[in-house]
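The basis for the numbers below is simple: all heavy atoms, side chains too, and nothing from hydrogens, waters or symmetry mates. Counting starts at 1 for both ligands and their atoms, following the listed order.
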Amino acid sequence: MAKQVQSFNAEIKQLLDIVIHSLYSHKEIFLRELVSNGSDAIDKLKFQSLTHPSLLPDNWQPTLRLEPNKEARTLKIIDNGIGMTQEEVTQFIGTIARSGAKAFAQMNEEMKNKPELIGQFGVGFYSAFMVADKVTLHTQKAGTNDGTVWDSNGDGTYSIDSVPRPDGTGTTITLHLKEFKAEDEVQDFTDAWVLKSLIKKYSDFIAHPIKMKGEKDDETLNSQKAIWLKSPSEVTQEEYKEFYQHLSHDWNEPLKTVHYKAEGTMEFNALMYIPSKKPFNFNTQDSAFGLSLYIKRVFIMADCKELIPTYLRFVKGLVDSSDLSLNVSREILQQDRQVTQIRKNVTNKILGSLKELLTKDRTSYENFWNEFGATLKEGIPSDPANKEKLQDLTLFHSTSSDKMTTLEEYVGRMKEGQKDIYYITGDSLNQVSHSPYLEKLKEKGYEVLLLVDAVDEWVVDAVKDYKDKKLQSIMKEGLDIDTEEEKKQKEEELKQAETILRPVMDTMKKTLENDVKDVVLSERLTNTPVCLVSATQDPSAHMQKLLSQMGR
Ligand code: ADP
Ligand code: MG
């Protein structure tokens, strides 16, 4: 096919505009993004060659390579990974097929100044345009002989052409670096020392060697250490953090790191993180989740949902198993007993870590709860095996304080004679905390849990009771909060009142003869002197309606 010039669609144009003109700091992350793409491409080729060995070129050694050229002001990032067909180039690079990038393009000013989000949005490749005024990509897909050259100045169009790639399978990205002014304080990305330190900083654990020509020979710039295979005592906080950023593209510190080796019936290493903040697209349709799966250090797949329950979808991390067969597919994973075992084990570990956080660092736990509590709670109805653990991890708003409470703490504060754990459900804290249903319980000094999340109805349904105390909605009919003694006493009081008030009530009844059927004494109201009750309707519900109409 002859060389073609095509236009980016409107969204890409917008995106490029943001990338080129609005991202000021951290320009260096382009290298991390491009290296990570090259490493992904090598992983993909490795994985596909497990079932199609002929895809691998002779004597293939997975390698990434940096080739800086000071005179030409270019930097090449080369990989011998899977490559792309021409169609794939147009699809992956030329249009925003991917919703992450679309979301980024739609983001407003505030986001524009947060380049650390760029990776999260999946606009990794475009970060090249932060430092380059022209980007050339030359690629050849494994198993084909057709090379494709793509290039663009980032100005709205790109050209695409069929050109054989001299190196065969793989991808070369050539950056024609911009001339920055001194006051921009941008590093020289053709400088060997700068490149070395950037690789150390962002890509040290990349599993394949990243090479560059040194004084005499090739130098390998990264240590390729799979930190998850080390024992936790050998890994520094800095290494954990860097690896987290690599996995999640989140520049915040992770809230908690969970790293362990499972031994016994099943052997695997797991390195997982609980983020401190929700990702921008958490709970949206395109938000992938799940752990990455490695088998004996070979990357198998990202976002493996079989390895972790949906209610732990905020967890980032990986599992490296020595038992699974390298030929796994998604279909196999879904039924594999070992995978089920891993999921169980991983779930236990995460819940255990959360419990530890709750007991040892309440403030951090409350931060966690604000971000992911509503998600974690979903497990109570959906994972009966872990119900007990999950309900112990659940925090509730309550009438007794501004701080959130656990069920255990609530039970510890229960008044003498209080039989049940009381709760009210509604749309907002403001709404439920002014509900007239609370009136009587307040008077008795009973604490009420305020439930305002969408899942809460299912949660209380599933919890049912805690430490032999029933979870009782105060909105349900027949709410019985008095002790036997109190009941007797009230009956007594009512009888006495009746004798005293009989004449008044008779007069009332007579006067209202045409309007009401009967006049009776009630102990149900506290601050409201009188209310109308319909004889045919549910009196409790009706009374509540009346009370609420009174604006309480
Ligand atoms: P992401 O890596 O999050 O998918 P990118 O913008 O970094 O987003 O890359 C977009 C897509 O382009 C990748 O998913 C991949 O399919 C393709 N791609 C990018 N770089 C390479 C490469 N070096 N080799 C093969 N495919 C690549
Ligand atoms: Mg990428």
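- One of the N, O or S atoms belonging to Asn37 lies under 2.8 Å away from the Mg ion (ligand 2).
- Here is the list of ligand 1 atoms found below 4.0 Å of a heavy atom in Ala41: 24 (N), 25 (C).
- Counting atoms of ligand 1 from 1 in the listed order, those under 4.0 Å from a heavy atom of Phe125 are 5 (P), 6 (O), 7 (O).
- Aromatic ring orientation, Tyr294 versus Trp228: tilted (interplanar angle from 30° to 60°).
- Ligand 1 has no N or O atom lying under 3.5 Å from any N or O atom of Glu33, backbone or side chain.
- At under 3.5 Å, not a single nitrogen or oxygen of Asp40, backbone or side chain, sits near a nitrogen or oxygen of ligand 1.
- In this pair, Tyr240 and Tyr273 present their aromatic rings perpendicular. The plane angle is above 60°, beyond the 30 to 60° band.
- By the criterion of a heavy-atom distance under 4.0 Å, neither the backbone nor the side chain of Ile173 is placed next to ligand 1.
- Aromatic ring centroids of Phe125 and Trp150 lie under 6.0 Å apart.
- Annotation: cation-pi geometry not satisfied between Lys256 and Phe368 (NZ/CZ under 6.0 angstrom from ring centroid, within 45° of ring axis).
- With respect to Glu242 and Lys201, no salt bridge is recorded, no charged nitrogen being found less than 4.0 Å from a carboxylate O.
- Atom OG1 of Thr139 is separated from atom CG of Asp146 by 11.0 Å, given to the nearest 0.5 angstrom.
- Taking all heavy atoms of Met84, Lys44, Gln91 into account, the minimum distance to atom 27 (C) of ligand 1 is reached by Met84.
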